[in-house]
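These numbers were taken from a predicted model, which means no experiment stands behind them. In what follows, every heavy atom counts, from backbone to side chain, and hydrogens, waters and symmetry copies are set aside. Naming: A, B, ... by sequence-line order, numbering from 1 per chain.
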2 protein chains.
Amino acid sequence: MSTCVESNITNHLIEHLPEQERLLLLSHCELVVLQFGTVLCEHNEGYSYLYFPMSGFISLVTKLPPHKPLEMGVIGNEGMLGVTMVLGLPTVPMQAVVQGKGTAWRIGVGELQQVLQQCPQLRSTLMQYLFILMQQLSISAACAHFHELDQRLARWLLMSQDRAHSNEFHLTHQFLADMLGVRRSGVTVAAGVMQQNNLIQYSRGKINITNRNALEKVSCTCYQKSLDDYKRLLGQPSRDSERRLLTEQGTP
Amino acid sequence: MSTCVESNITNHLIEHLPEQERLLLLSHCELVVLQFGTVLCEHNEGYSYLYFPMSGFISLVTKLPPHKPLEMGVIGNEGMLGVTMVLGLPTVPMQAVVQGKGTAWRIGVGELQQVLQQCPQLRSTLMQYLFILMQQLSISAACAHFHELDQRLARWLLMSQDRAHSNEFHLTHQFLADMLGVRRSGVTVAAGVMQQNNLIQYSRGKINITNRNALEKVSCTCYQKSLDDYKRLLGQPSRDSERRLLTEQGTP
DNA sequence: TCAGGTATGTGCGCTATAACACGTATAGCG
DNA sequence: CGCTATACGTGTTATAGCGCACATACCTGA
């Protein structure tokens with residue numbers, strides 16, 4: 001069963017390519033494991049590898065000392081880490097941390113540049129994704145400024161679930177607080193309310209989404225807006241089919 | 001005197017190009033006036049022209065109904081409006097409004113695409129500027145979330161002055177409030193304190209910066225960080241020489 | 001089995017800002 | 001010259017989230 005799911009999960013950007021380009025790109029990639037908590041890229045430092053997650057997900061986090069961190073975007077199998085490479089700049093203005101373990105295709109900076117020469121469609125896809133990322137940044141900014149903790153928490157859980165490919169994933173309150181740029185105890189209170197209303201269930205870092213529909217109602221519209229922005233340029237990620245698979249498994 | 005200043009103010013991105021490319025680009029541009037309040041581009045709609053301001057400045061504003069607007073970046077003679085064009089996408093995920101009147105070089109979308117084919121250095125410069133814009137977005141996001149009204153107001157005034165090429169410019173409290181995503185009366189209070197401390201002086205929309213050094217101290221570090229991010233990739237904009245000129249004029 | 005780390009629950013006082021409301025002054029127009 | 005819109009000043013109440021502090025529950029390993 002589990003292998004069945006694995007084989008269905010690919011990276012949507014790669015899937016999106018014509019076969020020729022896809023094969024060329026993959027011939028330069030190697031399969032790596034994304035381990036929870038790994039920092040793939042430090043804030044404002046260059047990177048040597050780019051990652052196309054297939055499962056698991058990566059957070060983009062800004063740091064503005066002496067303040068808490070603040071998450072600006074999430075990268076799962078619908079995107080990639082290091083897309084600024086199409087600008088010729090192997091830097092990302094944020095820290096990239098693995099938030100959900102999984103697997104990814106990895107390629108070196110130099111090799112991608114070579115591949116890009118021969119793959120116009122890849123180039124164009126990455127440019128579109130970069131644009132989407134900019135949209136996400138501006139949504140996140142406004143969301144963090146105007147929306148309240150419970151709405152933002154709901155959104156974050158939904159986005160994580162979309163990318164975790166599981167109803168259950170590992171997130172402590174402290175971690176969520178760092179992503180949302182708020183106090184840990186604030187998250188505890190908001191999550192407590194959600195648990196009382198049976199939207200989620202958690203214990204010592206293991207969060208389980210029990211009522212996704214209700215969670216979508218609590219969330220701010222930024223969640224839907226993000227999905228729409230993505231779909232407009234790059235189409236529907238494979239999210240839905242995976243959800244169906246998961247639901248079949250989810251009640252054993 | 002005033003003409004002397006005018007002739008010294010150019011667009012830094014254009015200045016940055018080798019002569020050959022600069023002349024080719026300019027041969028496709030026309031000179032236009034940026035009138036205060038003009039909306040050059042609506043939120044999430046395509047644009048037909050790109051602008052390289054020489055004086056005056058343009059704000060990039062996100063809108064998340066039903067909330068107030070929130071400014072994410074400012075474009076003056078150090079940048080351009082429509083840089084997403086290097087991604088092949090003539091859209092900007094924000095509204096663009098003229099906040100300070102001035103003049104700009106304007107070029108059509110199709111023409112720029114032609115010119116880009118022949119100008120590798122232009123392409124690379126625009127890519128660098130796009131990267132800088134992304135950095136600005138993430139700084140603005142964190143700044144709006146963590147920093148307080150007075151700090152943010154100070155930063156905004158400094159950034160405006162840098163791009164207005166004048167110690168005095170037109171900004172009502174309501175306008176500032178919309179940029180900062182806060183209440184109008186909050187701005188009134190913060191600006192009142194600054195006026196009492198002789199940092200600024202204002203009356204019915206005309207704001208005059210009287211003590212720039214002190215204003216820089218009140219501002220959050222995001223102001224300096226923005227400048228640094230720009231300088232790292234594209235060097236020092238012509239800001240300083242202009243400041244000197246202005247100061248000579250400033251005390252008649 | 002006990003200690004110590006990790007995760008979560010809860011409370012208290014404080015501050016910034018929201019929402020709303022109303023008062024005052026100035027410019028510019030008829 | 002006076003009207004009116006615009007710009008600015010001020011106040012009152014409510015609340016979300018902060019900083020800090022401490023209590024409780026659970027896991028894990030010596």
Residues forming a ring pair (Phe, Tyr, Trp, His ring centres under 6.0 Å) with [X], sequence neighbours excluded:
{"X": "H43(A)", "result": "none"}
{"X": "H145(A)", "result": "none"}
{"X": "F146(B)", "result": "H67(A)"}
{"X": "Y49(B)", "result": "none"}

Please report the distance, rounded to the nearest Å, between [atom1] in [X] and [atom2] in [N].
{"X": "F146(B)", "N": "dA16(C)", "atom1": "CZ", "atom2": "C1'", "value": "15 Å"}
{"X": "L180(B)", "N": "dA18(C)", "atom1": "CG", "atom2": "C1'", "value": "15 Å"}
{"X": "L153(B)", "N": "dC8(D)", "atom1": "CG", "atom2": "P", "value": "12 Å"}
{"X": "I207(B)", "N": "dA7(D)", "atom1": "CD1", "atom2": "P", "value": "12 Å"}
{"X": "Q174(A)", "N": "dG5(C)", "atom1": "CD", "atom2": "P", "value": "17 Å"}
{"X": "L171(B)", "N": "dC8(D)", "atom1": "CG", "atom2": "P", "value": "10 Å"}

Query - Protein-to-nucleotide contact annotation, 5' to 3' order, nucleotides 16-26 of chain D [B base; S sugar-phosphate only; - none; under 4.0 Å, heavy atom] - result: SSBBB----BB
**Report entry** side-chain hydrogen bond (donor to acceptor under 3.5 Å, both in side chains) pairs, two or more places apart, involving residues 190-211 of chain A
**Finding:**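 Counting only pairs at least two positions apart or across chains, the side-chain hydrogen bond (donor to acceptor under 3.5 Å, both in side chains) contacts touching residues 190-211 of chain A are E168(A)-N208(A).
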Query raised in the report: Which residue pairs pass the side-chain hydrogen bond (donor to acceptor under 3.5 Å, both in side chains) test with at least one member in residues 173-186 of chain B, sequence neighbours excluded?
Result: H173(B)-T188(B), Q174(B)-D178(B), R183(B)-S185(B), R184(B)-T188(B)
Report task. If dA14(D) has a Watson-Crick or G-U wobble mate with both distances under 3.5 Å, name it; if not, just say none. Result ->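 Result: dT17(C).
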Query raised in the report: For V189(B), what residues pass the side-chain contact (heavy atoms from CB on, under 4.5 Å) criterion, not counting sequence neighbours?
Result: none
Requested in this report: May I ask you to say whether D229(A) pairs ionically with R232(A), meaning some side-chain N is under 4.0 Å from a carboxylate O?
Outcome: yes
Query - Sub-4.0 Å heavy-atom contacts from residues 188-202 of chain B onto DNA chain D, ordered by number - result: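 The stretch gives T188(B), Y202(B) as the residues lying under 4.0 Å from the strand, ordered by number.
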